[in-house]
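What follows is a single structure, written as structure tokens, with notes after it.
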Amino acid sequence: PAYIYAQALREGTVCYDADEAAGWLQRAESNLAIARMGKAEGVFREDLCFKAQQAAEKALKALLIRLSGEYPRVHAFGLLIQRLDGFTRVPDRIREVVELTDYAVQMRYPGEYYPVTEEEYVRAIELADAAQRMVREFEEYRPWVNFAQFDREIGKYVDAYRAMVR
């Protein structure tokens, strides 16, 4: 069923649930806004990084909903990226969100691990922001006729963005 849905979506014969995808992206943006509030008294960087992780995860799930009408109910970036690979080219910068995986479960609870550094916190914000930018860009390049056209268009943006941050 997912394969048939994806094929129909590529052919333009199926519509995705725009409200559901938009809702996921709005929640992603909310999570990132909270994560950006920064360290304050009584606030753990681990919790801020969890919000950044959630921001990236929800953004990628919004894109999966947009592309396939469904998303896996997991906190595994590897699986999300694997699913996205079936529809479009996922930029290397976005693949780096796998670094946020530990914040999804392990570090959001008290336990034995090294505290998150300021540099790690900044990196988490940057990765979550990059994921959201890609999803927003995906929508801005619409209407594109097919995935090849989108790949060409997003490639221009991703290459320019990669040059900007390196």
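Just so you know, these numbers use all the heavy atoms, side chains as well, and skip hydrogens, waters and symmetry mates.
Under the 4.5 Å side-chain criterion, counting only non-hydrogen atoms from C-beta, K58 is not in contact with E29. A 4.5 Å side-chain heavy-atom check between E120 and R45 finds every atom pair outside the cut-off. Using a 4.5 Å heavy-atom threshold, the side chains of S68 and R83 count as separate. Counting heavy atoms from C-beta outward, F77 and Q53 have side chains that approach closer than 4.5 Å. Taking 4.5 Å as the limit, every side-chain heavy atom of K51 sits out of range of all side-chain heavy atoms of D47. Contact of the R93 side chain with the L127 side chain is registered, since non-hydrogen atoms from C-beta on lie closer than 4.5 Å. The closest side-chain heavy-atom distance from K61 to E20 is not below 4.5 Å. In this structure, M134 and L63 have side chains that are in contact, with non-hydrogen atoms separated by less than 4.5 Å.
Taken from CZ in R66 to OG1 in T88, the straight-line distance is 11.0 Å, to the nearest 0.5 Å. The CG atom of L84 sits 13.5 Å away from the CZ atom of R89 when rounded to the nearest 0.5 Å. For the atom pair C49 SG and I125 CD1, the distance stands at 7.0 Å (nearest 0.5 Å).
Shown are V90, V98, L64; of these, the side chain to side chain contact (heavy atoms under 4.5 Å, CB included) with L80 is made only by L64.
Summarising the geometry of V116 relative to E46, their closest heavy-atom pair is N-OE2, 2.8 Å, with the distance given to 0.1 Å. When every heavy atom of A56 is checked against every heavy atom of V97, the shortest pair comes out as CB-CG1, 4.4 Å. Residues A55 and A128 share a closest heavy-atom pair of CB-CB, 4.1 Å. Pairing each heavy atom of Y103 with each of A124, the nearest pair is CE1-CB, 4.2 Å. Across all their heavy atoms, L60 and V135 have their closest contact at N-CG2, 4.4 Å. Closest of all the heavy-atom pairs between Q132 and A28 is NE2-O, 2.7 Å.
In R27, the CZ atom is not crowded: 12 or fewer heavy atoms of neighbouring residues, nucleotides or ligands sit closer than 6.0 Å.
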Please output the side-chain donor-acceptor pairs of residues 36-43 that fall under 3.5 Å, not counting sequence neighbours, one pair per line with the distance.
residue	atom	partner	partner atom	Å
R36	NH2	D129	OD1	2.9
K39	NZ	V43	O	2.6

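Sorted by first and then second residue, the ring pair (Phe, Tyr, Trp, His ring centres under 6.0 Å) pairs with a member in residues 48-73 read W24-Y71; sequence neighbours excluded.
Grouping the Ile, Leu, Val, Met, Phe, Trp and Tyr side chains by contacts below 4.5 angstrom, directly or via other members, places Y121 apart from I34.
As a member of the Ile/Leu/Val/Met/Phe/Trp/Tyr network built from side-chain separations under 4.5 Å, L79 groups with V74.
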